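Protein chains get the first letters and strands the later ones, always in sequence-line order, with residue 1 at the start of each. All values reported here derive from a predicted model rather than from experimental measurement.
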Protein chains: 2
Amino acid sequence: MWCFPLEKKLSEIKEQFKEHRLTPQRRLVLEIFLENRDGHLSAEEVYQLSREKKGEIGLATIYRTLELLEALGLLHKINFGDGRSRYELVPVDYSEHHHHHHLVCLVCGGILEVEEDLLHQLEELIEAKHNFCIVNHNLQFFGYCSRCQQDGGKDKQG
Amino acid sequence: MWCFPLEKKLSEIKEQFKEHRLTPQRRLVLEIFLENRDGHLSAEEVYQLSREKKGEIGLATIYRTLELLEALGLLHKINFGDGRSRYELVPVDYSEHHHHHHLVCLVCGGILEVEEDLLHQLEELIEAKHNFCIVNHNLQFFGYCSRCQQDGGKDKQG
DNA sequence: TTTGATGCAAATGGTTTGCATCGGG
DNA sequence: CCCGATGCAAACCATTTGCATCAAA
């Protein structure tokens, strides 16, 4: 039987799926994200991972599933400017202002996550100054990761 | 004769164009960005603006020109997640740490620029903690602009 | 059983590329 | 003149959609 190793109870997940069917394909996609918590997977990557596991899922279904899981608040969609959308699991303790940022290495393409937020004060400043109601933000740093600084970027996609 | 109303002297621009030809098409694209300093133009928008002016430029040429101008450091490429790349003029007083951020309205799609940076301390923290050499960043805030908060988003693309 | 989900293939839309022609330096 | 630039059309690639079939509840 399929085991759902998420902090969140399966019943809660099912609750979020109220109007939607928990099909094997959707379970597999969730499973893939749970097994790749530190990854930022594109649709194509989810597709490749699905065929490496039990069952291959149609690419169209993957796209539709990713869209659904994002709407259900289980995934976050991110754009790193590499021409494809990527998704990451939304942490359980996620709240309006508990965000993390991404360090994108320009050499190996690796993506690190950092916890520091420090954007509260800036958001407050902006909301007051421009009367702009902020509901989300996106902060990415581009540069060179420690490994690529050392070996001069011998390998790609590390 | 074509006048280059950029703060930067034309001679400097030509210097940056050393290996490249300053063709009418490239001049027109530059001109369009100079006349839309507060805009964040997509290739398609530059194309439309080019046909509204003197001469229409082929879309392929626009893409190639945008790529060139970015490589020359005259334009910045930005991705707001709307499925197309956008470009903005790089300000003359641009320096490593003089960045601005974007407020993207989720209703009308309007884009405001804000001057506040306040990212220095965060960058220093990250560079020290993760040994990641930051060369650029990308900060976008998504939410509701003041006008859309008022009229409930009656109109689009304001 | 019924309605939503799947999968395939075709359509879409932004972007890139091959190639013959053009023209700036 | 020569080599890089242009323009057109075709190719590309990520993503979406139409539709017949399938299966979860």
Given dA25(D), dG24(C), dA5(D), the nucleotide with the shortest approach to the side chain of Leu22(A): dA25(D)
Considering non-hydrogen atoms only, spot the tightest contact between Val90(A) and Leu75(A) and give its length. CG2-C, 3.5 Å
Roughly how many Å is it from [atom1] in [X] to [atom2] in [N], rounded to a whole number?
X	N	atom1	atom2	answer
Asp82(A)	dT15(D)	CG	C1'	14 Å
Leu66(A)	dT6(C)	CG	P	12 Å
Leu59(B)	dT15(C)	CG	P	9 Å
Asn79(A)	dA14(D)	CG	P	13 Å
Tyr87(B)	dG14(C)	OH	C1'	11 Å
Glu45(A)	dC13(D)	CD	C1'	15 Å
Ile57(A)	dG7(C)	CD1	P	7 Å
Arg27(A)	dT6(C)	CZ	C1'	16 Å

Are [X] and [N] close enough that a side-chain N or O sits under 4.0 Å from OP1 or OP2?
X	N	value
Tyr63(A)	dT15(D)	yes
Gln25(B)	dG24(C)	no
Arg64(B)	dG7(D)	no
His20(B)	dG4(D)	no
Ser42(A)	dA14(D)	no
Arg84(A)	dC13(D)	no
Thr23(A)	dA5(C)	no

Against Glu31(A), only a single residue in Arg37(A), Arg26(A), Lys53(A) fulfils salt bridge (Lys or Arg N to Asp or Glu O under 4.0 Å); can you say which? Lys53(A)
Any chance the rings of His40(A) and His102(A) have centres within less than 6.0 Å? yes
Ranking Glu56(A) and Arg21(A) by the position along DNA chain C of their nearest nucleotide, the one closer to 5' is Arg21(A)
I want to confirm an ordering. Mapping Thr61(A) and Glu44(B) to their closest nucleotides on DNA chain C, which one lands closer to the 5' end? Thr61(A)
Looking at Leu49(B), Leu74(B), Val46(B), which hits side-chain contact (heavy atoms from CB on, under 4.5 Å) with Phe33(B)? Val46(B)
A side-chain contact here means heavy atoms from C-beta on lying under 4.5 Å apart; do Leu139(A) and Leu119(B) qualify? yes
